[in-house]
Structure formats: structure tokens, C-alpha cells
Amino acid sequence: MAGVGVQNPHSGETTCGSLLLQLQKIWDEVGESDEERDKMLLQLEQECLNVYKRKVDQAAKSKARLLQALADAKHELSTLLVSLGEKSSVNIPDKTSGTIKERIASIAPALEQMLKQKEERVKEFSDVQTRIQKICGEFAGSNELVQSLKVDESDLSLKKLKEFHDDLQELEKEKSQRLNKVLEYVNTLHDICGVLGIDFYSTVKDVHPSLIDAKGAQSKSISNDTLAKLKNAVIALKEVKKQRLCKYQDLAAKLTELWNLMDTSEDERSVFNHVTSNISASVDDVTAPGALALYLIEQAEVEIERLDRLKASRMKEIALKRQSELVEIFARAHIQIDTKAADEKILSSIESGNVEPSTLLADMDAQISKAKEEALSRKDILDKVDKWMSACEEESWLEDYNRDDNRYNGSRGAHLNLKRAEKARVLVSKIPGLVETLVSKTRTWEEEHGLTFAYDGVPLLTMLDKYAVLRHEREEEKRRMRDQKKMNEQLNAEQESLFGTKPSPLRPLSSSKKVLGPRSNGALNRRLSINQNGSRSLKRENTRPVAPLNYVALSKMDAAPVTP
């Protein structure tokens, strides 16, 4: 036993040899016998042997467990490869040599990877199958919660998973189409219910509560039954809308006829604009909320009944109003008519009952339309007549202004009269061309219409001819006055040379003058004025006041130049 261990006094470590030396030292100090020493050493050897045997047994069992673990790992790895169907994609080491632990360690990473992959694959299968089951339940209208599915782990291949994903994609596509169809039906129902004045919520709730109560579009029912009910509801309400529109259009036509017959004001008509605005609309054109509400139909029917009762009593008033409109058109166009005889004819026709009110009014409307056309054809000439008359007024004013000896002094308003006089001279210079244009246009009009163009009963060409004569006479008078003035100036010059004094200037031979223009005399002396209706009427003017010295006439200051 002395060779069991060797003491290493320099290392400081405790070994079997060092312990044995310490034990012998102790025995020497104690005086232990050799027999006792041998006995104790034998006992130590036996205990060491037992320890080695236990260690060997433990090592053998550990080896067996490792071998079993290696076999189990190989079997599990093989099973996972078959289940996942990815043998070619996994790097599995083919190691048959080396220690058992090395061989287990070489398999462990692949096994761990495959187990993790299996767990992920099972989750993917569970998710896709759960979603498929949920969508199928929505199609069937089942409200039951989707139960947890048990995934078949015998086939977790990507091919199988792709098949499930393809099925899910088709179902989701169909679900999206169904949801869009449901929303389309609901929106259509909302619009139609709004137009008809029907409670949208109760209508849709009768189809399925989720269409109203659902917080999001994804929660709305898309079952076959819901789609069928929505489609039927839309078809039914569209038919109601069509019937209501036909009713509205019939009422609108009757209202329009009565309004036109009785010449109803725009304010009264505007109350029922919601009815008449759709008189020629199609079913799809009517989209305003409440446009075809039932209570509005009832209101229109009540209004038609009221107008029917008023029709007979208001015919005289309506007919005379149309006649007044006709008279006003003729007055603005300066066409004379016998208004009294026309009124008597209308009243006798109504009282006799021989003419239908609608026929009478239609005839009067035709007369008004014809009168408007005639007035339009005369407008260009009448506008130029107005310019001619205004120019003649300015010409008369200018003559008064030129006779005022104080027109150039510095009194108040003199500069305004001077400015007006400058414009008046421009206007007067254009009168001959304006008259010539009027004559040409009037003759052309008479040739086209085969009628004499009369202005308030007087032929316009006669007025223009007389104006030309008067203007010629006035020009002759001005020439004589200029000649007389020259003679007076010459006489004064002779007297001054003889007597050395300057006599007082002689007064003009005649202080009177003729007023030129369409207002000069008789039926041609007319002045345009504005009556209460805004139309232009004619008044006689036999005299014209002479302008006071240095007076200011602002009304003519900004008169626009007259063009032919």
C-alpha cells in the first residue's frame, strides 16, 4: 500500500499517498501494531473497490440512457421529417462514429429546430382552419362561437398548409364580395327610405339586427338569408318609389296647369317647388331626402282641390291681368291699341261661357308672345329714336346757352355748363347721321314687315321728314341772323368812323326761335317720361322754358355721346 500514493510536499495538494504517510506517522506515534496496521489497510482497499464498482454501475446505466436517448432522438427526428415533409430542407448530420454524447449533441440542434418548426406549423394550421370555420359559419348564418380545432399532426407539410390558405383566400374573397353587396344594399335602402320618408332603421332592422347594431362593417351579417332579404327589400322599395314618382308627376302637371291658368305668383308656386321640380325626372334622378314623402302627396292633393275651387272666381282677374301685360308691351313699343274695346271683348267672352278659360288664356298668351316679337323687332329703331330725341333736347339747351351773354363769367356752376355745352356740341354734330340711319332702318323695317312704322300712332318717317324741314328752316334762320349781324357790325363801323362814337348794339331782329326735333309742334311735340310701371310714356310739350342765366343742369352732364 506504500505505493498507493506519493506525497508531494511542494504542491500542497492532498493525495492518497500523502494521507497514507500521515496515517503511518500517526500509527508510529501511537505505537500501533503491524497486525492492526495491515487490517486497517485491507479495509481501506475494500472500501475503495466498492466505490469503483458503484461508479462503474452508474456509468453503465448512464451509457444505456444515453443510447436510448440517442435512439429516441433519431426516431423523433425521423417522425418530424415525415410530418413536416421537409427532409431535404433540414441539415441532419450522418454521424455514426464518436462518443454517444457527441452523436446526441450532433442531433440535438436539428431536433430542436424541427420541434420549434412543428410548433409554429401547428399554430399556422390552427389559425387558418379556425378562420375557415368562422367564415363558413358567417355564410351559414350561424352565431355559435368557433370551437378550438384539433390539428391533425400527421401531415403538417407546406403543401397541405397551402391548400388550407388557398381555401381561406377564396372564402375571404367571397366574404369581401358579400360584405360589399350588403353595404351596397344597405346604402341603397338608406337612400330610398330617405327619398320616401320611411324609417330606415326599422326597415333594415327587420332584415337583420346586425345591420344597425354592428359597430363595424366586419360585424354585419353576410349570410345567404340576409342577402336574400336585402335584395327583396330593395326591389320592393324601388317599386314604391316608382309609383310615388308617377303620382308626384301627375300632381305636378295638374298644379302647373292650374297655376298657369290662374297666373299664380312665383311666391305661391315656390311652396310646391319640391313637387314640380321632379315633373320630368326619372326614378334614378330623384335623390333628395323626403322628395317623395307621402305627406307631401297629400299636401299637393289638398292644394289642387283648393285651386279648382278658386279657378272659376279668378278668371276675370287673370284675363284682365294678361290684357294689362299686353297693353304694357305695346306701350313700351309705342304701338297704339284700343284697350277699352279689348277689355270689353274679354269680359263678354268670360261672362257668356262660350270660351273655355284655358283656351282664352292660351289665345292671350299667343297674343303676348306675338307682341313681344313685334316689340323686339322695333327695339333697334326705338333705341335710336330715344337717342335722337335726347340729342334734340341737348341741341335746344345749347341754343339757350349760346344766347346767354354771361355764360363765361366766374359764377357758380359755370364750369359745369361749359362742360355740358362741349358734350352737347358733339351730340348735335351727330344728329344728321343719326336721322339718316333712322330713315334707312325704318324703311328697311317697313319693307320687311309690309307695314308702316308708327310711333304712338304717327308714322315715324313723317316725323323724320318734318324734322328735316324744321331743321332746314332753322338753319336758314341762323344764316339770316348771321347776315344781319354782319350788316349791323358794318353799319356800326361806318358810324364810328364818321362820328367817333360807338352806338349801343342793336337787339336781334327776332328773339324767338323754333325748337327743333320731334317735340317741335303738334303731334310731334312729345316728351318721354317714366310712369309707375317703369315703362316709357309720351306727354305733349307745347312750350319749353328758356334756361336762366348760368344755370347748372347736372342731369345732362354725363350724357353719353349719341352714335348713329
Side-chain angles (χ1 to χ4, degrees), residues 119-152 155-245 278 281-294:
E119 182 180 354
E120 294 175 353
R121 191 70 58 80
V122 169
K123 187 176 182 301
E124 291 179 2
F125 270 83
S126 178
D127 290 343
V128 70
Q129 287 179 287
T130 300
R131 291 167 64 185
I132 290 174
Q133 183 179 358
K134 181 180 178 182
I135 295 176
C136 291
E138 291 176 0
F139 289 174
S142 174
N143 295 325
E144 296 180 0
L145 296 176
V146 178
Q147 299 178 354
S148 299
L149 293 173
K150 185 172 180 61
V151 179
D152 183 9
D155 188 358
L156 299 176
S157 63
L158 289 177
K159 180 180 179 182
K160 188 67 174 180
L161 182 61
K162 185 178 182 304
E163 292 178 359
F164 279 117
H165 275 294
D166 291 342
D167 294 341
L168 177 61
Q169 187 175 2
E170 290 296 324
L171 290 173
E172 287 179 339
K173 182 178 179 180
E174 183 179 353
K175 178 181 178 179
S176 178
Q177 292 173 350
R178 287 185 176 225
L179 183 59
N180 290 335
K181 195 66 176 178
V182 167
L183 294 177
E184 180 183 346
Y185 281 140
V186 171
N187 290 335
T188 302
L189 286 177
H190 180 272
D191 294 341
I192 299 177
C193 288
V195 173
L196 298 178
I198 298 175
D199 186 8
F200 164 71
Y201 292 100
S202 61
T203 302
V204 176
K205 192 173 183 179
D206 290 341
V207 176
H208 198 280
S210 69
L211 302 178
I212 294 296
D213 301 333
K215 295 182 180 180
Q218 297 296 330
S219 301
K220 296 183 183 299
S221 174
I222 56 174
S223 66
N224 298 330
D225 184 60
T226 300
L227 286 170
K229 287 182 178 180
L230 283 173
K231 181 179 180 181
N232 293 334
V234 169
I235 292 173
L237 287 183
K238 281 186 175 181
E239 183 61 27
V240 173
K241 180 181 178 182
K242 181 179 179 181
Q243 295 174 358
R244 291 254 187 110
L245 180 59
N278 295 321
S282 64
V283 176
D284 295 333
D285 292 337
V286 182
T287 57
L292 301 179
L294 191 60

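Heavy atoms only: backbone and side chains are in, while hydrogens, waters and symmetry mates are out.
Side-chain contact between Glu124 and Phe164 is absent, with no heavy-atom pair separated by less than 4.5 Å.
One finds no salt bridge joining Arg178 and Glu138 here, because no Lys/Arg side-chain nitrogen approaches an Asp/Glu carboxylate oxygen to under 4.0 Å. Salt bridge status for Arg131 with Asp127: absent, with no side-chain N to carboxylate O gap under 4.0 Å.
Rounding to the nearest 0.5 Å gives a distance of 14.5 Å between OG1 of Thr226 and NZ of Lys181. Put simply, OG1 on Thr203 and CG on Leu230 are 11.5 Å apart, with the number rounded to the nearest 0.5 Å. Going from atom CD of Glu170 over to atom CD1 of Ile132 covers 11.0 Å, rounded to the nearest 0.5 Å. Between atom OG1 of residue Thr188 and atom CG of residue Leu237 there is a gap of 10.5 Å, rounded to the nearest 0.5 Å. The line from CD1 of Ile135 to NZ of Lys173 is 14.0 Å long, rounded to the nearest 0.5 Å. Separation of atoms CG (Leu196) and CZ (Arg244) is listed at 5.0 Å; rounding is to 0.5 Å.
Other residues, nucleotides and ligands place no more than 12 heavy atoms under 6.0 Å from the CD atom of Gln169.
Judged purely by atom type and a 3.5 angstrom limit, Asp285 uses its side chain to pair as donor or acceptor with the backbone of Ser282. Counting only distance, with no hydrogens or angles, the side chain of Thr130 and the backbone of Ser126 share a donor-acceptor pair below 3.5 Å. Lys241 contributes a side-chain N or O that, together with a main-chain N or O of Val286, makes up a donor-acceptor pair within less than 3.5 Å.
Heavy atoms only, all atoms of each residue included: Asn278 and Ala291 are closest at ND2-CB, 4.2 Å. Heavy atoms only, all atoms of each residue included: Ala233 and Val207 are closest at CB-CG2, 4.5 Å.
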Are Asp191 and Thr287 close enough, and set up right, to give a side-chain contact (heavy atoms from CB on, under 4.5 Å), and what steps lead you there?
CA-CA 7 Å; Asp191 294 341; Thr287 57; over 6 Å; no
